[in-house]
Enquirer: 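Attaching a single structure in structure tokens format; questions to follow.
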Amino acid sequence: MKLVFATNNKNKIKEIKHLIGDSIELLSLEEINCNEDIPETSDTIPGNALQKARYVYEKYGYNCFADDTGLEIEALNGAPGIYSARYAGEQRLAENNMNKVLSELNGIENREAQFKTVIALIVDGQEHLFEGIVQGEITPKKSGSAGFGYDPIFQPEGYDITFSEMSLEEKNKISHRGKAVKKLIDYLTSLSLSQ
């Protein structure tokens, strides 16, 4: 089965390929010559994921999936949420985003947060949503060099290290994206078995 993953984020593609294995041929936007910025104008995480998947399906005709992820911090009323990638500005720099979060939480005791990923899949015109959530907290400072985005300041529940201090295997087992992708893979497996 050929599936387009509607993203240009090489880190996300690497993570998903690692999870999916060889059972599905995964194509990036670059590989289908989709070079335009896909609009993300919904005010929800599932809405943005669906918007991206529909764009690729309608314009390029490929079965595809797209994800949207948000870091939701309790003390910031769920921010940065859908603005996670550009929280500190349109240049989308992870370093600036983390610095902004750390500065806003300075002196705040409640550091509870969750990462939420929603994957929207469109196969032959049928739409499906898969959600993954991981609870945790924002650390007082950055720690670790692996991963991307907010990984250096997010410590998942039950661990004393950040996502950034974990191996890709370890992170994928418990992460929001890992959970959503597992649901996606289970669904795709059931689909290929029934054909």
Side-chain angles (χ1 to χ4, degrees), residues 1 3 5-28 45-46 48-49 52 65-76 78-85 87-88 92-102 105 110-121 128-190:
M1 178 187 256
L3 261 187
F5 182 15
T7 186
N8 282 313
N9 184 323
K10 294 207 181 339
N11 288 306
K12 280 186 183 181
I13 291 170
K14 184 177 149 191
E15 246 181 42
I16 298 253
K17 273 190 172 169
H18 188 85
L19 286 162
I20 285 183
D22 301 329
S23 56
I24 289 159
E25 189 186 342
L26 204 58
L27 302 172
S28 66
I45 290 171
N48 278 330
K52 290 186 275 189
F65 67 93
D67 79 324
D68 198 39
T69 295
L71 173 65
E72 299 172 332
I73 301 169
E74 202 172 280
L76 302 180
I82 58 166
Y83 303 107
S84 292
Y87 195 46
R92 297 171 173 247
L93 297 173
E95 206 57 35
N96 296 357
N97 290 336
M98 283 188 286
N99 290 339
K100 182 172 179 181
V101 163
L102 290 175
L105 287 179
N110 175 8
R111 303 182 78 85
E112 284 184 30
Q114 69 175 19
F115 261 124
K116 180 193 283 182
T117 290
V118 174
I119 293 174
L121 168 72
H128 306 274
L129 292 176
F130 307 95
E131 183 183 80
I133 291 176
V134 63
Q135 307 286 343
E137 62 181 45
I138 303 300
T139 55
K141 59 183 193 346
K142 298 172 205 149
S143 210
S145 56
F148 61 99
Y150 294 93
D151 286 357
I153 62 169
F154 185 81
Q155 182 177 304
E157 209 169 59
Y159 289 80
D160 56 4
I161 57 174
T162 65
F163 270 164
S164 217
E165 295 172 286
M166 295 180 173
S167 69
L168 189 55
E169 283 81 4
E170 199 177 0
K171 179 189 169 188
N172 278 342
K173 273 185 201 150
I174 61 163
S175 79
H176 46 298
R177 189 170 296 106
K179 289 175 182 179
V181 170
K182 185 179 180 332
K183 291 176 185 174
L184 170 73
I185 293 168
D186 289 348
Y187 177 76
L188 292 171
T189 306
S190 75

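All values below were derived from every heavy atom in this structure, side-chain atoms included, with hydrogens, water molecules and symmetry-related copies excluded.
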Enquirer: Got a second to check how far Ile133's CD1 is from Gln114's CD, nearest 0.5 Å?
Expert: 4.5 Å
Enquirer: Salt bridge (Lys or Arg N to Asp or Glu O under 4.0 Å) with Lys14: which residues, sequence neighbours excluded?
Expert: none
Enquirer: How long is the straight-line distance from OG of Ser143 back to CD1 of Ile161, given to the nearest 0.5 Å?
Expert: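 Separation between the atoms: 9.0 Å.
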Enquirer: Taking atom CD1 of Ile13 and atom OG1 of Thr7, what is their separation to the nearest 0.5 Å?
Expert: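 One gets 5.5 Å once the value is rounded to the nearest 0.5 Å.
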Enquirer: Donor-acceptor pair, Arg111 side chain versus Glu137 backbone, under 3.5 Å?
Expert: no
Enquirer: Could I get the full list of side-chain contact (heavy atoms from CB on, under 4.5 Å) partners for Pro156, not counting sequence neighbours?
Expert: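 side-chain contact (heavy atoms from CB on, under 4.5 Å) list for Pro156, sorted by chain: Val134, Phe154, Tyr159, Phe163, Met166, Ile174.
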Enquirer: Output the distance between atom CG (Leu71) and atom OH (Tyr83), rounded to the nearest 0.5 Å.
Expert: 15.0 Å
Enquirer: Taking all atoms of both residues into account, what is the closest heavy-atom pair of Ala85 and Asn97, and its distance?
Expert: O-ND2, 3.0 Å
Enquirer: Does any pair with a residue in residues 139-160 pass salt bridge (Lys or Arg N to Asp or Glu O under 4.0 Å), and if so which ones, sequence neighbours excluded?
Expert: Glu95-Lys142, Asp151-Lys171
Enquirer: Under the ring pair (Phe, Tyr, Trp, His ring centres under 6.0 Å) test, which residues partner Phe65, sequence neighbours left out?
Expert: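 Testing Phe65 for ring pair (Phe, Tyr, Trp, His ring centres under 6.0 Å), a comparison that skips the adjacent residues, returns Phe5.
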Enquirer: Do you know the tightest heavy-atom contact between Ala49 and Ala66?
Expert: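 That closest heavy-atom pairing would be O-CB, 3.4 Å.
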Enquirer: With sequence neighbours left out, what residues match Asn96 under side-chain hydrogen bond (donor to acceptor under 3.5 Å, both in side chains)?
Expert: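 Asn96 satisfies side-chain hydrogen bond (donor to acceptor under 3.5 Å, both in side chains) with no other residue.
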Enquirer: Locate the shortest heavy-atom distance separating Gly81 from Ser84; write the atom from each residue and the value.
Expert: O-OG, 2.6 Å
Enquirer: Who pairs with Ala180 by side-chain contact (heavy atoms from CB on, under 4.5 Å), at least two apart in sequence or on another chain?
Expert: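 Listed in chain order: Thr117, Ile119.
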Enquirer: Could you list the residues that satisfy side-chain hydrogen bond (donor to acceptor under 3.5 Å, both in side chains) with Asn110, not counting sequence neighbours?
Expert: Glu74
Enquirer: With side chain to side chain contact (heavy atoms under 4.5 Å, CB included) as the test, would you mind laying out the steps for Leu184 and Ile16 before giving the verdict?
Expert: CA-CA 11 Å; Leu184 170 73; Ile16 298 253; 5.8 Å; no
Enquirer: The criterion is side-chain hydrogen bond (donor to acceptor under 3.5 Å, both in side chains); which residues satisfy it with Ser28, sequence neighbours excluded?
Expert: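 Ser28: side-chain hydrogen bond (donor to acceptor under 3.5 Å, both in side chains) contacts with Glu31.
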Enquirer: For Asp68, what residues pass the salt bridge (Lys or Arg N to Asp or Glu O under 4.0 Å) criterion, not counting sequence neighbours?
Expert: Lys52
Enquirer: Taking atom NZ of Lys183 and atom CZ of Phe130, what is their separation to the nearest 0.5 Å?
Expert: 9.5 Å
Enquirer: Judged by atom type as modelled, is there a donor-acceptor pair below 3.5 Å linking the side chain of Tyr187 to the main-chain atoms of His128?
Expert: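 Checking the backbone N and O of His128 against the side chain of Tyr187, no donor-acceptor pair under 3.5 Å is found.
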Enquirer: Should the heavy atoms of other residues, nucleotides or ligands under 6.0 Å from NZ of Lys182 be counted, would the total exceed 12?
Expert: no
Enquirer: Which residues pass the side-chain contact (heavy atoms from CB on, under 4.5 Å) test with Thr139, not counting sequence neighbours?
Expert: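 Testing Thr139 for side-chain contact (heavy atoms from CB on, under 4.5 Å), a comparison that skips the adjacent residues, returns Ile153, Gln155, Thr162.
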Enquirer: Drop me the distance from Ile73's CD1 to Ile138's CD1, to the nearest 0.5 angstrom.
Expert: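 Nearest 0.5 Å value for the CD1-CD1 distance: 4.0 Å.
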Enquirer: Taking side-chain contact (heavy atoms from CB on, under 4.5 Å) as the definition, give me every residue that meets it alongside Lys100, ordered by chain and number, with sequence neighbours left out.
Expert: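 For Lys100 the side-chain contact (heavy atoms from CB on, under 4.5 Å) partners, ignoring immediate neighbours, are Tyr87, Ala88, Glu104.
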Enquirer: Return the set of residues passing salt bridge (Lys or Arg N to Asp or Glu O under 4.0 Å) with Arg177 (not counting sequence neighbours), or none when no residue passes.
Expert: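 Checked Arg177 against salt bridge (Lys or Arg N to Asp or Glu O under 4.0 Å); matches are Glu15, Asp67.
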Enquirer: Any side-chain heavy-atom pair from Glu131 and Lys116 closer than 4.5 angstrom?
Expert: yes
Enquirer: Side chain to side chain contact (heavy atoms under 4.5 Å, CB included) for Leu3 and Leu121? Distances and angles first, verdict last.
Expert: CA-CA 9 Å; Leu3 261 187; Leu121 168 72; 4.0 Å; yes
